[in-house]
Amino acid sequence: MNREPRPAASGRDEGRATDPVRAELAALAPGVSVPGLPDGRHLLLKEHMMAEIRRDTAGAPQPVRRDPRRWKRIAVPLAAAAVATAIAAGVAVVDDGAGKPGVAAEDSRAADGLLIQAAASAETRRPAAPRDDQFTYVETFGRSTGLRYAVGGAQPEPDPQPAGKVEVWLPVGGTGPTLTRYQYDPSHSGGGIPPGADLPSEMRVGDAGFGNPSYRFLQTLPTDPDVLLALLRKEAPKNGENPRDQQVFTMIGDLLRTSVAPPALTAALYRAAAKLPGVIVVPGVADILGRTGTAVTMKEVQQTRTEWIFDPVTAEFLGERTVVLDDAAGMPKGTVMFDSAVLRRGIADRPGEPPVTVVAARPGAASGA
Amino acid sequence: MELSLRTRVRAGDPDAFVLLFDGQAGVIHRYALRMTGDPATAEDVVSLTFLEAWRLRARLRSGDDEEPLRPWLFGIATNVLRNTARSARRHRAALGRLPPRGDIPDFADEVVDRVVLTEQLAAARAALARLRRSEREVLALVVWSDLAYAEAAEALGVRVGTVKSRLSRARTRLRALAEEELRQIRGNREPEPGAGQLDVDRAAAVRPPPEAPRGTSPRTRSRTTIETPGMAP
């Protein structure tokens, strides 16, 4: 960030109080005596930052431990070895049943069968054929769990955020206004946070990409699973010690959850995921709306796993959740760190407006939000 | 062995970010509030600054472990303030998980008269609007946030000499502004022959700054028209 050579050491810098320029400027443009950040907001913003860091270190990036190398050398050989072995052997660590926090047991089945079925299911959809001046629309219902830190940073404890509905409008053509709208369910809401907030933004030329998946961008991606997988492996951001395929799995998961994609691409994403080593099936996983499905997941080096939950009959994507497999992840085992269900996907004419075409909707789901 | 905060931040230790946030969120918030004049935006800038700090942690210069991290954070905050929309896009998903500001009071001090504060912020912004962005930044960093020249230089990625010359230009412009206000108070309605007579960098008046206050006085506008174009910053 600071490319220039570092200036001389600060501190004895022009004796601040006697510096005439500084003094005159202070008189010409006195700083408004602004009030500070209230304690409640300070805590809330800090918890949000920690939740994002936790998400980042779990869903995609770096090991949670202070020193990853030390963690590998010491922690694994000692206490965690037995647990790690248990997980590797597919033994249930905790199984609190569907819909509750807990780590469900793996199935010995390979995951590729379910993913191939999901791909076939996706392909039966009609393409949306949106116009450039329209907007893709995705409505999800979710919750993330942060960590509550005392001021000064003592032992963290899980801190579920209010569950809420998020709607995202993205310009089909890849440029123009975007809108993200949050509505938190008052019945879930703690801390007196009222529902409702809009965050408008703007996409400009060059912004569309895996992070901002406009429909036109997604149409440019290859639908041959091998070619697509090679591209994803090339594009997957390097992130700490995360294995590349873990990054690819996360990337595909983000696209499945956040985009309206051409059916052929959705199918290709599933087929590409089926080719990833280490992808496993976990039956009997409930999404945040309580709908039980079958999950496909991959164990992450952070001792967490992100489960894509599919309808057991139609193999349609229901939602996603990230579960802690081991206390070593920095949160208690079984904690659901992130839990999200897709309610509707469609095409809208304007940001902020409901979709004029719905390409996927979960029956009965919208009312549950 | 106790690792320094700098080393721990670079290594991505979440606990180090807790310490960093507890120590610096307040000053970053004040900086953002003075620059934007808007409490909600200021809070977003705080969040974005720390999200960016997390993202860019590996780029934090290693070095003397005793050095404060404040200039680094102020540098990130400055970049966020320069292009908040871009930062917000980058962290769209993360901001999406930020609980909306609700009926939580904006400010810690309930004694604060919001109307007065809003007026003061608007007045400060009107003055700032006469400055180039680079001058506003050094003013806000050095005078309002009390960074040493060297710290401001580190935050902005420029030399100390540049900080000084920007401050000096800011002073010149603000002096001219003060004189102009004085003349207005005295009821001197005689049109100005041109800003060139004032000891002011004329480029400022040629192109109204992006955050020019609404209700710009006719006097200011007329002066703009007689300026020579082509001297934009």
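Throughout, a chain's letter reflects where its sequence line sits, starting with A, and its residues are numbered from 1.
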Asks: Tell me, do A:Glu24 and B:Arg175 make a side-chain contact under 4.5 Å, heavy atoms counted?
Replies: yes
Asks: If I measure from the heavy atoms of chain A, does B:Leu167 come under 4.5 Å with its side chain, its backbone, both, or neither?
Replies: both
Asks: For A:Asp254, which atoms come within 4.5 Å of any heavy atom of chain B: side chain, backbone, both, or neither?
Replies: neither
Asks: Please name the pair of heavy atoms, one in B:Phe21 and one in A:His42, separated by the smallest distance, quoted to 0.1 Å.
Replies: CE2-O, 3.4 Å
Asks: For B:Leu139, which atoms come within 4.5 Å of any heavy atom of chain A: side chain, backbone, both, or neither?
Replies: side chain
Asks: Closest approach of A:Met49 and B:Val18, non-hydrogen atoms and distance?
Replies: CE-N, 4.3 Å
Asks: Do the side chains of A:Leu170 and B:Arg92 get nearer than 4.5 Å, heavy atoms only?
Replies: yes
Asks: Can you name the nearest heavy-atom pair linking A:His48 to B:Ser47, along with the distance?
Replies: ND1-OG, 4.2 Å
Asks: Give, for atom CD1 of B:Ile28 and atom CG of A:Leu37, the distance between the pair rounded to the nearest 0.5 Å.
Replies: 11.5 Å
Asks: Does a side-chain heavy-atom distance below 4.5 Å link A:Glu52 with B:Trp54?
Replies: no
Asks: For a 4.5 angstrom cut-off between non-hydrogen side-chain atoms, does B:Lys164 reach A:Val21?
Replies: no
Asks: Rounded at 0.5 Å granularity, tell me how far CD1 in A:Ile53 sits from CZ in B:Phe50.
Replies: 9.5 Å
Asks: Return the CE to CG distance between A:Met50 and B:Asp15, rounded to the nearest 0.5 Å.
Replies: 6.5 Å
Asks: Could you note down all residue pairs passing salt bridge (charged side-chain N to carboxylate O under 4.0 Å, His left out) where residues 74-84 of chain B supplies at least one of them, sequence neighbours left out?
Replies: B:Arg82-B:Glu137
Asks: Is B:Val46 in contact with chain A via its backbone, its side chain, both, or neither, using a 4.5 Å heavy-atom distance?
Replies: side chain
Asks: Pick from B:Arg55, B:Arg89, B:Arg30: which one has the most heavy-atom pairs with chain A under 4.5 Å?
Replies: B:Arg89
